[in-house]
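Written out below as structure tokens is the structure these notes cover.
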Amino acid sequence: MAPGIAGQAAAALDSLSASQIDFIQRLPKAELHAHLNGSIPIPTLVELLSEYESHFDPANPKHQLPPSEIRAGIDQLQNLNLSSLNGFFGPFTAVYALISTREATLRITRAVLSQFLDGESPQCSYLELRTTPRGSGDMTRLEYVSAVLEEVERYPEEKAGLILSLDRRMSLDVMEECIKLAKHLKNEGRRVVGIDLCGDPAAGDINTLEPLVHMAKKAGLGITLHIAETLDNPPEESLKLLSYKPDRLGHATFLNEEALAIVLKEKMCVELCLTSNLLCKTVASLDAHHIRYYLKHNHPITICTDDVLPFRNSLQAEYALLMAQPPLGLGLSEKEVARIAQMSMESTFSTKTTK
Ligand code: 6MZ
């Protein structure tokens with residue numbers, strides 16, 4: 001079994017023949033939905049925690065959390081036992097306590113990029129990483145994003161790009177600041193390719209976002225929005241988000257017929273995260289997953305990991321879920337899987353920019 005991978009995705013990978021795994025590895029494919037701080041390799045996080053522990057000074061205001069609390073948060077993220085998506089976001093506080101310096105931000109970004117793009121059989125040919133501009137610890141939002149970009153830009157343009165995420169918990173002013181930051185960096189020729197809306201689906205008011213999305217589009221940025229991730233997201237909210245005409249959609253799990261008709265008509269690519277949905281219990285089983293609907297309608301989709309830190313998956317293991325025989329996987333043919341990988345390559349924001 002591949003190190004660090006667990007659960008159904010690991011079992012699916014294990015069930016494949018060597019030639020099927022080789023087929024998956026060779027496919028040119030793009031990872032378009034990976035949250036930076038949800039994708040930190042556990043050894044990197046453990047190293048950062050042990051350094052934090054050895055320098056911990058309760059009187060230092062930069063040491064926001066006692067090491068025991070950080071350790072508990074990381075354990076919680078590594079051993080998810082959720083009954084819904086509600087409990088998912090809290091433990092990220094532990095991760096944030098460890099990455100409050102420029103040096104730590106450079107380090108985790110380097111580790112995440114390497115995990116996806118380096119080695120003999122890289123997870124993907126192109127990575128569109130996303131992160132929320134954070135202004136905390138030693139850094140301003142600009143300093144944080146600049147550090148992340150510094151590492152992203154070590155890879156060629158055809159291999160890596162960065163999306164800036166707006167967290168639904170942000171105030172409108174902060175969201176505006178983030179869009180202006182994305183616009184400014186893009187105008188400076190930096191590798192910011194798009195904007196995302198993410199975070200706790202139960203938080204925030206998305207009705208005020210229209211001018212911000214418009215501003216981002218005008219600046220030539222791609223738009224992807226987490227939408228209908230839980231049953232609690234009302235249909236009116238999804239219709240409102242669709243009215244902003246995003247290029248891609250994250251999850252799109254609970255769209256009603258009216259919303260689905262728009263998605264199909266506008267050919268908005270749907271970023272699907274199979275393991276994420278299973279572990280966050282937004283989908284009961286792979287058999288019940290909405291991927292079947294989009295495949296049936298020959299609609300553009302892309303298969304993604306979301307957060308490999310808590311979900312203990314990999315992009316190759318997510319593709320294994322497509323190929324493994326039911327009930328472990330979807331039992332798709334090599335031709336169907338190759339088509340899905342091709343759709344991911346056709347849906348990147350950098351493709352959009354070069355079109
Ligand atoms: C919504 C998610 C998410 O931005 O600090 N995030 N938002 N749905 C999900 N599905 C499970 N998974 C992660 O990465 C971590 C942040 O990404 C968002 C959350 O806001 C989380 O705090 P960055 O790099």
Side-chain angles (χ1 to χ4, degrees), residues 31-41 44-45 73-74 76-77 80 82-100 104-113 115-116 127-137 139 141 144-145 147-149 151-152 162-170 174-175 178 181-182 192 194-204 206 224-233 237 241 248-254 270-283 304-313 318:
E31 164 61 88
L32 302 183
H33 188 130
H35 298 270
L36 171 63
N37 286 302
S39 305
I40 305 173
T44 311
L45 218 46
I74 292 173
Q76 223 178 319
L77 272 179
L80 281 187
L82 302 172
S83 52
S84 73
L85 198 59
N86 289 344
F88 179 73
F89 300 96
F92 274 96
T93 315
V95 178
Y96 294 134
L98 293 177
I99 62 136
S100 63
T105 302
L106 291 170
R107 225 157 113 192
I108 56 123
T109 310
R110 202 176 309 139
V112 171
L113 287 158
Q115 162 181 261
F116 280 105
L127 170 64
E128 218 154 76
L129 195 59
R130 59 184 69 188
T131 197
T132 316
R134 293 178 48 73
S136 68
M139 292 172 292
R141 287 181 218 288
Y144 171 76
V145 176
V148 174
L149 276 174
E151 293 299 331
V152 168
L162 185 69
I163 295 172
L164 297 192
S165 297
L166 306 178
D167 188 321
R168 292 179 62 124
R169 292 160 287 190
M170 284 172 168
V174 172
M175 286 191 179
C178 292
L181 179 61
V192 178
I195 290 296
D196 163 46
L197 174 72
C198 75
D200 186 348
I206 57 89
T224 176
L225 306 173
H226 281 62
I227 186 171
E229 196 175 353
T230 72
L231 195 52
D232 295 335
N233 290 112
E237 180 189 280
L241 288 171
R248 299 200 313 243
L249 304 171
H251 300 288
T253 313
F254 295 98
V270 184
E271 304 158 356
L272 295 172
C273 310
L274 305 174
T275 299
S276 163
N277 299 155
L278 293 174
L279 290 181
C280 294
K281 308 268 182 3
T282 53
V283 172
C304 315
T305 53
D306 208 3
D307 301 280
V308 301
L309 166 63
F311 301 140
R312 302 169 76 178
N313 56 346
E318 292 299 300

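Reckoned from all heavy atoms, side chains included, excluding hydrogens, waters and symmetry mates. As the structure lists them, so they are numbered: ligands from 1, and atoms in each ligand from 1.
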What protein heavy atom is closest to [atom], reported as residue, atom name and distance in Å?
atom: atom 12 (N) of ligand 1; value: Asp307 OD2, 2.8 Å
atom: atom 9 (C) of ligand 1; value: Glu229 OE2, 3.4 Å
atom: atom 22 (O) of ligand 1; value: Tyr96 OH, 2.8 Å

What do we get for [X] next to ligand 1 when only non-hydrogen atoms under 4.0 Å count, side chain, backbone, both or neither?
X: Arg169; result: side chain
X: Thr131; result: both
X: Leu36; result: both

Sorted by chain and number, sequence neighbours left out, salt bridge (charged side-chain N to carboxylate O under 4.0 Å, His left out) with Asp167 holds for Arg169
Taking only non-hydrogen atoms of His251 and a 4.0 Å limit, the atoms of ligand 1 in range are 10 (N)
Under 4.0 Å from one or more heavy atoms of Asp167, ligand 1 contributes atoms 20 (O)
Counting both backbone and side chain atoms, is some N or O of [X] under 3.5 Å from an N or O of ligand 1?
X: Thr132; value: yes
X: Gly199; value: yes
X: His35; value: yes
X: Asp306; value: yes

Just by distance, no angles: are the side chains of Glu318 and Thr275 close enough, under 3.5 Å, to form a donor-acceptor pair?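 Checked: Glu318/Thr275 side chains pair up, N/O donor to acceptor below 3.5 Å.
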Subject >> Flag for Glu31-Thr305: side-chain donor and acceptor within less than 3.5 Å >> reply: yes
Between His33 and the options Thr224, Asp307, Asp306, the side chain to side chain donor-acceptor pair (under 3.5 Å) test singles out Asp306
message: I need the minimum non-hydrogen distance between Pro133 and Tyr144, along with the two atoms involved.
response: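 Here Pro133 and Tyr144 meet closest at CA-CD2, 3.9 Å.
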- request: Considering only NZ, NE, NH1 and NH2 on the basic side and carboxylate oxygens on the acidic side, decide whether Arg168 and Glu237 come within less than 4.0 Å.
  value: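 A salt bridge links Arg168 with Glu237.
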**Asked** Looking at Glu128 and Arg248, does any basic side-chain N land under 4.0 Å from a carboxylate oxygen?
**Response**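 Salt bridge: yes.
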Listed partners of Phe311 passing ring-ring contact (aromatic ring centres under 6.0 Å, His included), at least two apart
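Residues passing ring-ring contact (aromatic ring centres under 6.0 Å, His included) with Phe311: Phe88.
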